[in-house]
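Just so we're on the same page: letters track the sequence lines, and every chain starts at 1. The structure displayed is predicted, hence computed values, not measured ones.
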There are 2 protein chains.
Amino acid sequence: MKHAYDVYAQACPTRVVLDRLADKWIVLILGLLGEQPMRFNQLRREIQGVSQKVLSQALKKLERDGLVHRQAFATVPVTVEYSITPLGRSLASTVSELARWAEANIESVIAAQQSYDAAELRRGES
Amino acid sequence: MKHAYDVYAQACPTRVVLDRLADKWIVLILGLLGEQPMRFNQLRREIQGVSQKVLSQALKKLERDGLVHRQAFATVPVTVEYSITPLGRSLASTVSELARWAEANIESVIAAQQSYDAAELRRGES
DNA sequence: AATAGTGGGTTTCTAAAAGAAACCAGGTAT
DNA sequence: ATACCTGGTTTCTTTTAGAAACCCACTATT
């Protein structure tokens, strides 16, 4: 049984969605928001190394795609809370698994890299 | 219980791995190679829209990370077969789910985008 | 003998994106 | 007055992605 949408086809809109999901920051953001709603600077502190610009852009895209909900409160200073939507939640477990795989298998990957680099060095002796 | 490696920490090597995995082309490549070994141009034809350069770079990185195995046969013209490794296989189902989620939920995402864009238009009337 | 085609790439060049750092607004506390 | 808070945007530089052309070794065609 074939899909109506095929992510392997060039002009398919699923490509755009996949390109959105397959992003380091999106994986990390959805992983956090899957646990609890969070505010902008809270996310920024949790996700170490993300710049304000990139975080802001990522959240905007996630909001536009209906994966994250943005709510501003007229406190002083202003409070903005980001939370995951039902659609986002249906995705969160999958993307979290990516992060967990990275944490669980980092040692195997590093070992593979070292063995690859060592072999390359032997081959490419100038 | 805390992980030894925390993907939310800036200097953590898992970040590098996650950044590698969270890539549109890597998801698509691993999805295909999880089904069967494939040759370079076969991958290129299946994954519509990928350039030779990007495919070549992605495969090199996957090989270095120990996720994909590259085997060249001295036929004429040369034959190169890419296959998934056990480590890569342990990841393939997770990344395939990303692609499947995109195919399954594209309509909800497009609907959310349209409603977002319509609301934005109403707000931002100049 | 020259030309075209094959698989599997690399090189070159340009347009787009990521990232670091500075800036801003509106308000509070010192 | 000055410094600080949240939640961003702007500017500028460095990477990266992507399109297109090229390359090599070989074969088959004219």
Side-chain angles (χ1 to χ4, degrees), chain A residues 8-12 15-16 18-29 32-33 37-64 68-83 116 120 123-124 126, chain B residues 8-12 15-16 18-29 32-33 37-64 68-83 116 120 123-124 126:
Chain A
Y8 286 95
Q10 182 161 19
C12 187
R15 267 292 176 79
V16 180
L18 180 62
D19 202 25
R20 175 79 24 97
L21 307 181
D23 176 279
K24 177 174 53 171
W25 303 123
I26 265 67
V27 169
L28 294 174
I29 293 169
L32 285 176
L33 294 185
M38 285 205 183
R39 295 169 53 184
F40 185 85
N41 280 332
Q42 201 178 358
L43 282 168
R44 196 154 83 88
R45 279 187 294 267
E46 288 281 336
I47 304 173
Q48 294 171 29
V50 70
S51 75
Q52 287 181 307
K53 184 186 104 179
V54 169
L55 180 57
S56 160
Q57 286 175 342
L59 286 168
K60 248 183 225 168
K61 288 178 186 172
L62 285 172
E63 192 194 354
R64 178 165 183 265
V68 156
H69 176 67
R70 177 186 189 275
Q71 191 166 13
F73 299 94
T75 54
V76 133
V78 64
T79 301
V80 178
E81 188 182 79
Y82 291 93
S83 54
Y116 180 96
E120 177 129 279
R123 274 196 303 278
S126 59
Chain B
Y8 287 94
Q10 181 162 19
C12 187
R15 267 292 175 80
V16 180
L18 180 62
D19 202 26
R20 176 79 25 96
L21 306 181
D23 176 279
K24 177 175 55 171
W25 303 122
I26 265 66
V27 169
L28 294 174
I29 293 170
L32 286 175
L33 293 185
M38 285 205 184
R39 295 169 53 185
F40 186 86
N41 280 331
Q42 200 178 356
L43 283 167
R44 196 155 82 89
R45 279 186 295 266
E46 289 280 337
I47 304 171
Q48 293 171 29
V50 69
S51 75
Q52 287 182 305
K53 184 186 104 178
V54 169
L55 180 57
S56 161
Q57 285 175 342
L59 286 168
K60 248 183 226 167
K61 288 178 185 172
L62 285 171
E63 192 195 354
R64 179 164 182 264
V68 155
H69 176 67
R70 178 186 188 274
Q71 190 165 15
F73 300 94
T75 54
V76 135
V78 63
T79 301
V80 179
E81 189 182 79
Y82 291 93
S83 54
Y116 180 97
E120 176 129 281
R123 273 195 303 277
S126 60

Exercise. D/dT6 C1' sits how many Å from A/Leu59 CG, rounded?
Worked result: 14 Å
Exercise. How large an angle, rounded to 10°, do the end axes of the helix from C/dA1-D/dT30 to C/dT30-D/dA1 enclose when each is built from five base pairs?
Worked result: 30°
Exercise. Any idea which heavy atoms bring B/Phe73 and B/Val78 closest together, and the distance?
Worked result: O-CG2, 3.3 Å
Exercise. Closer than 4.0 Å, any side-chain N/O of A/Tyr82 to the OP1 or OP2 of D/dG8?
Worked result: yes
Exercise. Between A/Glu81 and B/Gln57, who's closer to the 5' end of DNA chain D by nearest nucleotide?
Worked result: A/Glu81
Exercise. Taking DNA chain D as the partner, which of residues 68-79 of chain B come within under 4.0 angstrom of it by heavy atom?
Worked result: B/Val76
For this session: Grab the NZ-P distance between B/Lys60 and D/dT16 for me, whole Å please.
Result: 15 Å
Problem set entry | CG on A/Leu18 to OH on A/Tyr8, rounded to 0.5 Å | 9.0 Å
For this session: Considering only heavy atoms of chain B and a distance under 4.0 Å, specify the first and last nucleotide of DNA chain C in 5' to 3' order that meet this criterion.
Result: C/dT6 to C/dT12
For this session: Taking all non-hydrogen atoms of both residues into account, name the closest pair between B/Leu43 and B/Leu32 and its distance.
Result: CD2-CD1, 4.0 Å
Exercise. Whole-Å distance between D/dC4 P and A/Asn41 CG?
Worked result: 16 Å
For this session: Answer yes or no: does a side-chain N or O of A/Arg44 lie under 4.0 Å from OP1 or OP2 of D/dG7?
Result: no
For this session: Specify the residue among A/Asp23 and B/Ser56 whose closest nucleotide of DNA chain C lies further upstream toward the 5′ end.
Result: B/Ser56
For this session: State, with a plain yes or no, whether a side-chain heavy atom of B/Leu21 is found less than 4.5 Å away from one of A/Val27.
Result: no
Exercise. To the nearest angstrom, how far is A/Gln42 atom CD from D/dG8 atom C1'?
Worked result: 16 Å
Exercise. How about A/Leu62 and A/Leu33: do any of their side-chain heavy atoms sit closer than 4.5 Å?
Worked result: no
Seminar exercise, completed: Atom CD of B/Gln48 and atom P of D/dA19 are separated, to the nearest Å, by 13 Å
Exercise. Quick one: salt bridge (charged side-chain N to carboxylate O under 4.0 Å, His left out) partners of B/Arg15, sequence neighbours excluded?
Worked result: none
For this session: Report yes if the side chains of B/Lys60 and A/Tyr116 come closer than 4.5 Å at any heavy-atom pair, otherwise no.
Result: yes
Seminar exercise, completed: In short, side-chain hydrogen bond (donor to acceptor under 3.5 Å, both in side chains) pairs touching residues 68-81 of chain A with sequence neighbours left out are A/Arg70-A/Tyr82, A/Thr75-A/Thr79
Exercise. In whole angstroms, how far is the C1' atom of D/dA21 from the NZ atom of B/Lys53?
Worked result: 13 Å
Solution key, residues 44-55 of chain B side-chain donor-acceptor pairs under 3.5 Å, sequence neighbours excluded:
{"unit_1": "B/Arg44", "atom_1": "NE", "unit_2": "B/Asn41", "atom_2": "OD1", "d": "3.4"}
{"unit_1": "B/Gln48", "atom_1": "OE1", "unit_2": "A/Gln10", "atom_2": "N", "d": "3.3"}
{"unit_1": "B/Ser51", "atom_1": "OG", "unit_2": "B/Val54", "atom_2": "N", "d": "3.2"}

For this session: Rounded off to whole Å, could you give me the CD-to-P distance for the A/Glu63 and D/dG8 pair?
Result: 9 Å
